[in-house]
Number of protein chains: 2
Amino acid sequence: MTVTSVHDPSHREALWELEDAFERGDLISVFGRCTVSYEGRAASDLGAGDRLLVLKPDGAALVHTDEGRQPVNWQPPGSEHHAAVREGRLRVRSTRSDPDETLTVRFDRVHQLSAMAVTGGRNLTLHGSEEDLRTRVLERPELVEPGFEPKETERPSSAGPMDVFGVDADGTPVVVELKRRRVGPDAVGQLARYVRALREEIAAEDGDDGGDTPVVRGVLVAPSVTDRARGRLADRGFGHVALDPTSEE
Amino acid sequence: MTVTSVHDPSHREALWELEDAFERGDLISVFGRCTVSYEGRAASDLGAGDRLLVLKPDGAALVHTDEGRQPVNWQPPGSEHHAAVREGRLRVRSTRSDPDETLTVRFDRVHQLSAMAVTGGRNLTLHGSEEDLRTRVLERPELVEPGFEPKETERPSSAGPMDVFGVDADGTPVVVELKRRRVGPDAVGQLARYVRALREEIAAEDGDDGGDTPVVRGVLVAPSVTDRARGRLADRGFGHVALDPTSEE
DNA sequence: GGATTTATGTCGGGG
DNA sequence: CCCCGACGTAAATCC
């Protein structure tokens, strides 16, 4: 873990630090007195004031004041950052094309500059709700349907592990696919692969080649589904249970 | 101008600095390795990773990773920040009510903490907004069409206020809908609601129940329209004028 | 890759 | 306070 930080640097020093941080792919924060101008889809100007500039290695740039959830000015990811000293000020410029947009921050004075190499926790942005959804279903299986009885989670199959495997009130095998938010047809396809895999597995166990396909039901548990997904569910005879990870009931 | 900053503080030190900064109403940035959990309108959990936490004196809290314009987790303005050392970690919690929401950031380690008193400079002047487009149309109505004469802006109707209301060279009422950028079918629907409302209003005034529907024209002013929107415009007999807020002519 | 839909949208204005 | 619409919306998904 590497953090570099300088307090009250000269513009020249700040420039060096910035360029090194760009090179390393650091996440950068700059406190200072600056003016901001933007030109692109719209145009804006911001007079001198103390603000926080955040520069990300993916090209995003954010100018924050002391108020609001939204940055007062910004540049989206995919932009390119450049720094220079011009007219006695530190100028940080972030540009992108398509559409052409430029954000320019001119610092009269830099109070504090910090840069951190971001190592972990980038992609493990596990939005914890699918886990919650599984917990809910296991604790209250009647939410899926009356009489449903979960047997196994992450049950292996030739199509990969299925979220929840169980049996319904009649003892018929049920494959449950969990999605923490509104789903499209892809989720139905995923469910279908598990169901087909399980049918083949059961047929093989029964030595039942050529006979009727074994009955295996599929249920998609998700807050909602797209129209197209709903159609596919109907085509395949699968059920849909409207449940979201956070609701109380 | 006061900036305080500490490098690799102990949790206890960091806590002191945070509480002082809260007291002073500073804008705060914290680099460190942390886990994040949120519970409220939705729920989420983030595993350990290096991130940037920004705390604002208005109650806003932002957790930024190295990617994206949006914070990975946040709390809106109006929340309350609290800091404490719990279980050997620095815990920063931001809560609000209505709706009840809690953001909790637990730092395994704080790499850098900075706080700045922010003064002035929140006056942003933005050009190229829908407001600018309205100004252009009012100053140069011939850009909509020769002979067009604006009568009223934000004219009320049962479908809500229409952007610009006026008459054409023949004296026929015209409803103008302004969009600052390329539009889809939704904008045509919005325009259609205004036109229908105005037709009903005029029919009612004329005591003209059952007669021909009064003539009211609809014009969509926008830089461009999608194919689908173009189709709907044609269906309804509405016009489209290609104008964008920033162009000089 | 463009069109469409969602979002813990955020934010401001008007009744 | 709620409702509605704009936003330099951003971001994911559909097609």
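Residue numbering restarts at 1 for every chain, and letters A, B, ... go by the order of the sequence lines.
In this entry the distance linking OH of B:Tyr38 with P of C:dG9 reads 8 Å, nearest Å. For the pair B:Glu177 CD and D:dC4 C1', the computed distance is 13 Å after rounding to whole Å. D:dC7 atom P lies 10 Å from atom CG of B:Leu133, rounded to whole Å. Per the geometry, CG belonging to A:Asn73 stands 16 Å off C1' belonging to D:dA10, to the nearest Å. Summarising the geometry, the separation between CD on B:Glu154 and P on C:dG15 is reported as 10 Å, rounded to the nearest angstrom. Atom CZ in B:Arg181 sits about 11 Å away from atom P in D:dA6, given to the nearest Å. Distance, B:Leu62 CG to C:dG9 C1': 14 Å, rounded to whole Å. For the pair B:Asp163 CG and C:dG14 P, the interatomic distance rounds to 14 Å; values are reported in whole Å.
By the salt bridge (Lys or Arg N to Asp or Glu O under 4.0 Å) test, B:Glu149 is found to be paired with B:Lys151, residues two or more places apart in sequence or in another chain being considered. Not a single ring pair (Phe, Tyr, Trp, His ring centres under 6.0 Å) links B:His240 to another residue, sequence neighbours left out. Applying the ring pair (Phe, Tyr, Trp, His ring centres under 6.0 Å) test to A:Phe238 and every residue at least two apart in sequence or in another chain returns nothing.
Between the side chains of A:Thr104 and A:Arg93, at least one donor N or O lies within less than 3.5 Å of an accepting N or O.
Distance noted for atom C1' between C:dT6 and C:dT10: 14 Å (whole Å). Taking the C1' atom of each, D:dA10 and D:dA6 are spaced 14 Å apart, rounded to whole Å. For the P atoms, the distance linking D:dG5 with C:dT8 amounts to 22 Å, nearest Å.
Between the side chain of B:His81 and the backbone N or O of B:Ala60, at least one donor-acceptor pair lies under 3.5 Å.
Ion pairing of A:Arg193 with A:Glu177 is absent here, as no side-chain N (NZ or NE/NH1/NH2) approaches a carboxylate O to less than 4.0 Å. Using a cut-off of 4.0 Å between Lys/Arg side-chain N and Asp/Glu carboxylate O, B:Glu130 and B:Arg180 are scored as not salt-bridged. Taking 4.0 Å as the cut-off between side-chain N and carboxylate O, B:Lys56 and B:Asp58 do not count as a salt-bridged pair.
Listed by first and then second residue, the ring-ring contact (aromatic ring centres under 6.0 Å, His included) pairs involving residues 25-80 of chain A amount to none (not counting sequence neighbours).
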Identify the pairs formed between an N or O of the protein and an N or O of nucleotides 10-13 of chain C at a distance under 3.5 Å, and give each distance.
residue, atom, partner, partner atom, Å
C:dT10, OP1, B:Arg41, NH2, 3.1
C:dT10, OP1, B:Trp74, NE1, 3.0
C:dT10, OP2, B:Arg41, NH1, 3.0
C:dC11, OP1, A:Arg69, N, 2.7
C:dC11, OP1, A:Gln70, N, 3.2

Nucleotide N/O to protein N/O under 3.5 Å, stretch nucleotides 2-6 of chain C:
residue, atom, partner, partner atom, Å
C:dA3, OP1, B:Arg182, NH2, 2.6
C:dT4, OP1, B:Arg228, NE, 2.7
C:dT6, OP1, A:Arg182, NE, 3.3

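One finds no side-chain N or O of B:Lys179 lying less than 4.0 angstrom from the OP1 or OP2 phosphate oxygen of D:dC7.
Looking at A:Gln75, its side chain comes within 3.5 Å of the base of D:dG8 through a donor and an acceptor atom.
Mapped onto DNA chain D by nearest heavy atom, B:Gly128 and B:Ala159 fall at different nucleotides, with B:Ala159 at the one closer to the 5' end.
Within 6.0 Å of CZ in B:Arg228 there are 12 or fewer heavy atoms belonging to other residues, nucleotides or ligands.
When each of D:dA6, C:dT8, D:dG8 is scored by its nearest atom to the side-chain atoms of A:Ala42, the top-ranked nucleotide is D:dG8.
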